[in-house]
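Here's the structure we're looking at; comments come further down.
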Amino acid sequence: MDTDVCKLIENKYEVTILGGLNELMVKFHGPDGTPYQGGIWKVRVDIPEKYPFKSPSIGFLNRIYHPNIDEASGSVCLDVINQSWTALYDLQNVFESFLPQLLTYPNPSDPLNGDAATLFINKPEDYKIRVREYIEKYATLKALKEAEGEELSSSESSISDLSEDETQDMEL
């Protein structure tokens with residue numbers, strides 16, 4: 001696991017440890033030449049104890065419009081990660097190959113987002129427009145900073161909701 005995390009960092013990925021080395025957040029950029037180009041997604045990676053023999057769980061934390069990604073939960077429907085994983089793969093494969101291929105070649109016949117799959121099949125240009133709208137709203141540097149600001153604001157507001165005694169206890 002440590003080696004895989006180091007490889008990601010060496011390859012210029014921004015990695016944040018969330019709850020121990022088995023819970024990560026990796027910033028992933030949309031592949032060039034796709035409607036996702038220019039987007040930046042926070043991808044949660046949960047590494048199981050039996051890794052690399054068992055696949056990591058992958059989920060998008062900010063919203064993305066894609067037939068094979070559940071819009072609400074960020075869950076990814078990707079056969080290689082979910083069913084065909086072998087110990088020969090590592091996290092670098094996920095971010096250098098599997099996720100870029102998923103965004104480049106959506107599979108609308110196995111959708112987690114039926115609306116995106118239908119639009120992809122029936123109105124591909126409208127699909128691209130919708131993807132760009134989502135990037136603008138959820139996956140630009142500005143959108144990410146605003147989301148991080150909201151997270152800070154909500155945590156700050158929860159601190160301000162504490163009683164005066166609780167606040168003094170925290171300061172000690």
Side-chain angles (χ1 to χ4, degrees), residues 1 4-18 22-47 51-52 55-85 88-152:
M1 266 190 289
D4 281 4
V5 172
C6 289
K7 274 195 220 175
L8 286 176
I9 293 167
E10 287 170 5
N11 284 301
K12 309 281 190 260
Y13 286 97
E14 187 177 324
V15 178
T16 304
I17 309 292
L18 297 176
N22 64 331
E23 294 177 46
L24 314 169
M25 189 274 299
V26 179
K27 284 193 179 168
F28 171 73
H29 293 259
D32 291 344
T34 71
Y36 299 94
Q37 181 175 340
I40 305 166
W41 286 273
K42 293 179 176 182
V43 178
R44 182 182 174 102
V45 180
D46 291 315
I47 303 171
Y51 179 84
S55 68
S57 295
I58 306 293
F60 285 76
L61 294 173
N62 48 333
R63 292 175 76 157
I64 184 169
Y65 192 75
H66 190 282
N68 309 110
I69 302 170
D70 183 71
E71 188 176 337
S73 70
S75 296
V76 176
C77 180
L78 186 56
D79 186 49
V80 173
I81 293 173
N82 296 328
Q83 297 168 6
S84 304
W85 183 268
L88 297 174
Y89 298 138
D90 62 13
L91 293 178
Q92 191 167 344
N93 292 115
V94 171
F95 290 97
E96 294 288 323
S97 181
F98 305 152
L99 287 179
Q101 286 180 10
L102 177 71
L103 296 187
T104 303
Y105 307 106
N107 179 5
S109 63
D110 185 23
L112 283 177
N113 181 336
D115 178 54
T118 301
L119 201 58
F120 180 82
I121 292 168
N122 297 321
K123 297 182 178 180
E125 290 308 312
D126 289 351
Y127 171 81
K128 290 176 186 173
I129 291 168
R130 180 78 54 90
V131 167
R132 299 303 309 162
E133 289 170 353
Y134 270 61
I135 288 172
E136 210 47 50
K137 191 170 183 180
Y138 304 110
T140 61
L141 279 175
K142 180 182 175 193
L144 292 176
K145 285 181 181 180
E146 287 173 3
E148 288 170 5
E150 288 173 15
E151 290 168 16
L152 289 175

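Only a predicted model underlies this, so the values are computations on that prediction, with no experimental measurement involved.
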On a heavy-atom basis, which atom in [X] and which in [Y] lie closest, and how many Å separate them?
X	Y	value
N62	K42	OD1-N, 2.8 Å
Y89	P52	O-CB, 4.4 Å
L112	V76	CD1-C, 4.0 Å
P124	I121	CD-O, 4.2 Å
R132	Q37	NH1-O, 2.6 Å
P106	P108	O-CD, 3.3 Å

[X] vs [Y] side-chain heavy atoms within contact, under 4.5 Å:
X	Y	result
I17	L24	yes
F95	V45	yes
Y138	I64	no
L78	V94	no
L91	K7	no
N113	I69	no
D126	I129	yes
W41	I135	yes

Interatomic distance, [X] atom [atom1] to [Y] atom [atom2] [nearest 0.5 angstrom]:
X	Y	atom1	atom2	value
T118	Y127	OG1	OH	12.0 Å
H29	E14	NE2	CD	8.0 Å
F60	S73	CZ	OG	11.5 Å
Q92	C6	CD	SG	12.0 Å
T16	M25	OG1	CE	3.5 Å
D90	W85	CG	CH2	6.5 Å

Using atom types as modelled and distance alone, determine if a side-chain donor or acceptor of [X] lies under 3.5 Å from a backbone N or O of [Y].
X	Y	value
S55	I81	yes
Y36	Y65	yes
N68	N107	yes

Point to revise | Salt bridge present between K142 and E136 (N-O < 4.0 angstrom) | key: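 Not counted as a salt bridge, because no side-chain N and carboxylate O are separated by less than 4.0 Å.
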Point to revise | Ionic contact status for K128 with E125, cut-off 4.0 Å | key: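 Result for this pair is yes, salt bridge flagged.
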**Study point:** salt bridge (Lys or Arg N to Asp or Glu O under 4.0 Å) contacts touching residues 61-80 (sequence neighbours left out)
**Key:**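 Sorted pair list: R63-E71.
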Practice item. Scan side-chain atoms only and decide if N11 and E96 contain a donor-acceptor pair under the 3.5 Å cut-off. Key: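 E96 and N11 do not have a side-chain donor-acceptor pair below 3.5 Å.
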